[in-house]
Amino acid sequence: MATNRPRRRAASGPRGGSRRAPRGKDNTRPLAIALAVAVVAIIAWLVITARAQGHDGAGALVTADAAALETAIVPDGTPEEILRYKGFTVSFNPKTHQPNWVGWELLASEVGGEHPRNQNFAPDTDVEGCADPRDYRHSGFDRGHMAPAGDMKWDADAMRESFLMTNICPQSGDLNRGAWNKLEEKCRQRARRDSAVVIVCGPVFDKTGASMLIGSTGVAVPKGFFKVVLSPYSNPPKAIGFLMPNGPVKGGMQACAVPVDSVESVTGIDFFAALPDEIETEVEKQCDFHRWSTSNR
């Protein structure tokens, strides 16, 4: 089992007031001893915290925060509006009327949330170019979540916002209810084992653009979807990528597993740029599906 995700802890001291020193005795010595003890305690806490954060094979710490890790960099000229919701971040594209990518951190403690699933798809009326749920009716495509509702059970607002159309793409039912759904559950299993995962996913289009539009808004239909998954607090950190067609997935998610580098090559998107360079280079070339899927480390 990976070490727990580091949490900020408030400093605390001993309870109760200090005793008055007897008259005629030196008061500086107890103070010096107390200061020395405090310094030792602080150093020990820093060492423990550093170890809890996890190291790579060379001993480098993963210190980037979740907000930075879940933020990807799209190619120059790509339309985007960055939207920060309670449970996830969206790079929204008003031209395709769906996200370029959606990123979020999933903690082990959040996997077992009990907030009920919200079925109310709705537009984000503050976002220009946002699709309407009616655009998907009779289109032959599901309203496919990028950040899944199953990852947002820890909070009612996060659950509600996951049904905003800024988090939705046209997905075939074969994908949405098949390999994509199984991959979502596998990511939750990984979060339980590694204390947390950072996930970024989104649509894949041909360089020539979408071959099909749906609804009165003209929502672009992707040819496929990507997902990259990082375990930043495991020891050592690890990552894997997936590229799936927007249809039946022959061979399931294992057949679609690729290094994160390959996803970057296909999409032009830069993932996990907030990692130290040596760690980013190492994790983005990995692709060991069996170890990622089954290992407790």
Side-chain angles (χ1 to χ4, degrees), residues 72 74-75 77-83 85 87-104 117-152 158-184 199-228 241-250 252-253 256 263 266-269:
V74 298
T78 302
E80 76 167 341
E81 180 181 354
I82 298 297
L83 309 173
Y85 294 111
F88 54 95
T89 301
V90 174
S91 165
F92 185 76
N93 189 323
K95 186 174 180 180
T96 63
H97 309 290
Q98 64 199 280
N100 296 310
W101 54 260
V102 178
W104 67 102
R117 182 180 174 90
N118 181 332
Q119 300 290 353
N120 299 320
F121 289 95
D124 188 331
T125 55
D126 293 329
V127 178
E128 181 180 355
C130 183
D132 188 280
R134 292 171 293 185
D135 289 320
Y136 286 68
R137 289 180 183 172
H138 311 298
S139 68
F141 293 93
D142 288 358
R143 289 169 286 204
H145 285 76
M146 294 297 96
D151 287 7
M152 302 296 150
M159 172 64 73
R160 177 184 58 80
E161 290 177 341
S162 74
F163 281 83
L164 292 174
M165 298 303 293
T166 46
N167 181 45
I168 304 299
C169 295
Q171 280 189 326
S172 79
D174 288 328
L175 175 64
N176 186 36
R177 288 165 263 165
W180 192 257
N181 181 62
K182 291 179 181 178
L183 178 55
E184 290 172 344
I199 306 168
V200 186
C201 67
V204 177
F205 292 97
D206 284 321
K207 292 182 179 179
T208 55
S211 59
M212 182 179 180
L213 305 177
I214 61 172
S216 59
T217 303
V219 181
V221 177
K223 73 170 186 177
F225 290 87
F226 71 84
K227 180 167 285 187
V228 293
F242 296 87
L243 289 167
M244 294 186 174
N246 195 5
V249 180
K250 186 176 181 180
M253 59 179 150
C256 299
V263 180
V266 169
T267 63
I269 300 174

State, yes or no, whether a side-chain contact exists between [X] and [Y] at a heavy-atom distance under 4.5 Å.
X    : Y    : answer
P99  : N93  : no
L175 : M244 : yes
V266 : F226 : no
P148 : F88  : no
V228 : C201 : no
M146 : Q171 : yes

[X]: what forms a salt bridge (charged side-chain N to carboxylate O under 4.0 Å, His left out) with it, not counting sequence neighbours?
X    : answer
R137 : none
K223 : D206
D142 : R177

- Task: Kindly determine whether Q98 and V219 satisfy side-chain contact (heavy atoms from CB on, under 4.5 Å), including the steps that lead there.
- Result: CA-CA 7 Å; Q98 64 199 280; V219 181; 3.9 Å; yes
Atom [atom1] of [X] and atom [atom2] of [Y]: how far apart are they, to the nearest 0.5 Å?
X    : Y    : atom1 : atom2 : result
H97  : C130 : NE2   : SG    : 10.0 Å
F242 : I199 : CZ    : CD1   : 10.5 Å
F92  : N100 : CZ    : CG    : 9.0 Å
T267 : L243 : OG1   : CG    : 8.0 Å

Do you know which two heavy atoms are closest between [X] and [Y], and how far apart they sit?
X    : Y    : result
S172 : F141 : N-CD2, 3.8 Å
P75  : I269 : CD-CG1, 4.2 Å
R117 : A149 : NH1-CB, 3.4 Å
D132 : P123 : OD2-CG, 4.3 Å
P94  : E80  : CD-N, 4.4 Å
F225 : P170 : CZ-O, 3.4 Å

Is a side-chain donor or acceptor of [X] paired with a backbone partner of [Y] at a separation under 3.5 angstrom?
X    : Y    : answer
N167 : S162 : yes
D135 : S216 : yes
N246 : P222 : yes

- Going by the angle between their ring planes, with limits at 30° and 60°, are F163 and F121 parallel, tilted or perpendicular? perpendicular
- Query: How about Y85 and D124: does a side-chain donor come under 3.5 Å of a side-chain acceptor?
  - Reply: yes
- Go through the steps to decide whether I82 and T89 satisfy the test side-chain contact (heavy atoms from CB on, under 4.5 Å), and finish with yes or no. CA-CA 7 Å; I82 298 297; T89 301; 4.0 Å; yes
- Cationic tip of K227 within the cone over W180's six-membered ring, i.e. under 6.0 Å and within 45° of the normal? yes
- Query: Does CD in E128 sit with more than 12 non-hydrogen atoms of other residues, nucleotides or ligands closer than 6.0 Å?
  - Reply: no
- Task: Any chance you could lay out the side-chain contact (heavy atoms from CB on, under 4.5 Å) test for L83 and E81, step after step, and finish with the verdict?
- Result: CA-CA 6 Å; L83 309 173; E81 180 181 354; 3.5 Å; yes
- Kindly indicate, with the supporting measurements, whether the criterion side-chain contact (heavy atoms from CB on, under 4.5 Å) is fulfilled by V221 and L213. CA-CA 6 Å; V221 177; L213 305 177; over 6 Å; no
